[in-house]
Structure formats: structure tokens, C-alpha cells
Amino acid sequence: MISKNDSIQKIQKQIEKISSSSIQRRGSAEFDRWYRNTEIAIENIFGKNTRHSKDFTAISYHLGFFTSDTPDSSFDAAHRRGLKEAEQILHSMIDEIQEYWSDSEQELSASFDAISSIEKICNRFHLVARQLRKRHDDRPTLDVNDEYDVQDLLHALLHLDFDDIRPEEWTPSNAGSSSRVDFLLKSESIVVEVKKTRNKLGARELGNELLIDIGRYQAHPGCKTLICFVYDPDGRIANPRGLEADLNKKVNDLDVKVFIRPTGK
């Protein structure tokens, strides 16, 4: 794992290179090398397929629209704007490390990798569920018809990357009641909650349920991150990305991440 100081130094090194005339030159081999090295540094620090990596790779260094009459100066300006945006994002990453990483930054970095692994499982869940229906000689299989089926299949898939998976842990009492969580990843301090949309469980009802869950998990001593996997094979959620954006947040000391899949794209 990369330490806090080493992480800051690696990002700062890439920031300092931006001012180099060779990197400022559009289409240069030095720029391509800087871009690749920066991308690798971000992945090594925060993990693959994280928000940090996606923010960096989403930067454009090109014009969105141009004609045969567009002067070279416009292309050069677009390249410089991209570098300026990259510099700002890299500075933001340093700010995040300084603000939120402590002596346990190795644990935090490992957490990023764990979240990325769970997100990948959620992204591929629908493909796996469909593939299971196609068995040789019509042998029995697992049809994902309800929330329990989702839990069973997700539990099996989590074993690809995690060793200590504890199903149905009790959450602490909340207003005189208690409830079960679906899975507790003890070593990673992550709780995975599973939902499946159905009749009378649309966006509004789902949002209300998740808000109640978030309130409960804040008191769970073993939960630093709550991941809510919502399986929506019939596309009952009209605006899944909007609902995710509303619920993905940090509530006190609890990080909340909601994945509604499949994406519908």
C-alpha cells in the first residue's frame, strides 16, 4: 500500500510536470507519457475503477466541435484547458488525502479497492443471473425471482474477492426495534444491503426504505461504509442515476453508496 505522504508526493510530481513545455504541446509523446503515468499513479493510490480514476479519464483535451477552418490555436487552447482541469482535479485529490487520510490510510486505500470490487459484481450481476438460466439439458438452476434469490447469488459472487462474509448480522436497536443486515464484510467494515424492485416497491418506496436503513447503520459499530445494491431487472426505477445521486453521500461517519443495476444502457 502507498502511504499518505508517498501518495501526495506522487500526485504533486505529476502536477509539477504539467507546466513543462513538452507536455503543454498538443500531440507530444511527452504528454502521452505523462497522461499514462498519471493514470497509473491514481489507480495505485485509490484503486481501479474508482471515482478518482473516472474523473481523470473523463477530462477532454480536444475540441468538441470543429471545422476545416478551425485554426490550430483553438486546438492548442483546448489542450491547455484539459491540462488546467487535470491540475485542478489532482489538487483536489491531494486535498482529499490531507483531509481524510490518517495513520490508517492503508485501510482506507484497501476500502477503495473493496468498494470497486463490489461495484463490479453489481455491474455484472444481471449478466450472471441471465446466464444461469441457460443450463445444459435444462438442468435445475437459480431463477432470481425475489430478494432472497438476489441475496443468495450475491453471497456466492462476493466469495470471489472476500473471505469473511457474515450474513444476517443484527443492527443495533433503533427507536426500540432492530433489523437484520444482509451481509457484513467484517475486515473491510462494509455492510451490503440488498433490495429487489417489485410491485409497490418503486423509486419513492425504495428511497424511503434506504433512508431508514441509513439511519440504522449509523449506529452499527462494524459499519463504516453502507453499500445498497438494488436489483431492478424490469426497469421499475425511472431515473436510477438520479436516485443514486440523491442517496450517495456521507452521513456523519457513514459512507453511503447505492448501485441500481442493470443500468438500462
Interatomic distance, [X] atom [atom1] to [Y] atom [atom2] [nearest 0.5 angstrom]:
X	Y	atom1	atom2	result
Ile11	Asp6	CD1	CG	11.5 Å
Leu185	Cys223	CG	SG	10.0 Å
Asp255	Ile115	CG	CD1	6.5 Å
Arg36	Ile40	CZ	CD1	3.5 Å
Cys122	Ile227	SG	CD1	7.0 Å

Are the side chains of [X] and [Y] in touch, meaning some heavy atoms are under 4.5 Å apart?
X	Y	answer
Lys17	Lys13	yes
Leu254	Lys250	no
Ile8	Gln98	yes

Qualifying residues under side-chain contact (heavy atoms from CB on, under 4.5 Å), relative to Arg133, sequence neighbours excluded: Arg130, Asp143

Which residues share a side-chain contact (heavy atoms from CB on, under 4.5 Å) with Pro140, sequence neighbours left out: none

Partner of Leu206 under side chain to side chain contact (heavy atoms under 4.5 Å, CB included), chosen from Lys195, Lys196, Arg236: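 Per the side chain to side chain contact (heavy atoms under 4.5 Å, CB included) rule, the option paired with Leu206 is Lys195, out of Lys195, Lys196, Arg236.
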
Sole residue of Phe183, Phe229, Tyr217 in side chain to side chain contact (heavy atoms under 4.5 Å, CB included) with Glu193: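 By the side chain to side chain contact (heavy atoms under 4.5 Å, CB included) criterion, Glu193 pairs with just one of Phe183, Phe229, Tyr217: Tyr217.
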
So, for [X] and [Y], which heavy atoms are closest and what is the spacing to 0.1 Å?
X	Y	value
Asp149	Val144	CB-CA, 3.6 Å
Leu132	Leu142	CB-O, 4.2 Å
Ile59	Ala86	CD1-CA, 3.4 Å
Lys10	Ile45	CB-CD1, 4.3 Å
Pro167	Ile165	CD-O, 3.3 Å

Expected output: side-chain Ser117 to main-chain Asp113 donor-acceptor under 3.5 Å: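 Looks like yes, one N/O pair under 3.5 Å.
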
Under 3.5 Å, is there a donor on one side chain and an acceptor on the other for [X] and [Y]?
X	Y	answer
Thr197	Asp232	yes
Gln24	His79	no
Thr38	Gln14	yes

Name every donor-acceptor pair, under 3.5 Å, that has one atom in a side chain of residues 152-164 and the other anywhere in the protein, sequence neighbours excluded.
| unit_1 | atom_1 | unit_2 | atom_2 | d |
| --- | --- | --- | --- | --- |
| Asp164 | OD1 | Arg166 | NE | 3.0 |
| Asp164 | OD2 | Arg166 | NE | 3.3 |
| Asp164 | OD2 | Arg166 | NH2 | 3.0 |

Within 6.0 Å of CZ in Arg135, more than 12 heavy atoms from elsewhere: yes

Within 6.0 angstrom of Asp253 CG, more than 12 heavy atoms from elsewhere: no

Salt bridge (Lys or Arg N to Asp or Glu O under 4.0 Å) partners of Asp246, counting only residues at least two apart: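 Checked Asp246 against salt bridge (Lys or Arg N to Asp or Glu O under 4.0 Å); zero matches.
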
All salt bridge (Lys or Arg N to Asp or Glu O under 4.0 Å) counterparts of Glu43, not counting sequence neighbours: none

Connected hydrophobic set around Phe75, excluding itself, where side chains approach under 4.5 Å: Leu63, Phe66

Trp34 and Tyr61 aromatic ring geometry - parallel, tilted or perpendicular at 30°/60° bounds: perpendicular

Lys/Arg-Asp/Glu bridge criterion (N-O < 4.0 Å) met for Glu244, Arg261: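 Result for this pair is yes, salt bridge flagged.
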
Side-chain ion pair, Arg51 and Glu96, N-O less than 4.0 Å: yes

Transitive ILVMFWY side-chain link Tyr231 to Leu127, under 4.5 Å: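 They do not share one cluster, since no chain of ILVMFWY contacts under 4.5 Å joins Tyr231 to Leu127.
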
hydrophobic_cluster_shared for Leu247 and Val251, side chain cutoff 4.5 Å: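 Result: yes, single cluster for both.
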
Full working for side chain to side chain contact (heavy atoms under 4.5 Å, CB included) between Lys257 and Leu226: CA-CA 6 Å; Lys257 299 184 181 298; Leu226 170 63; over 6 Å; no

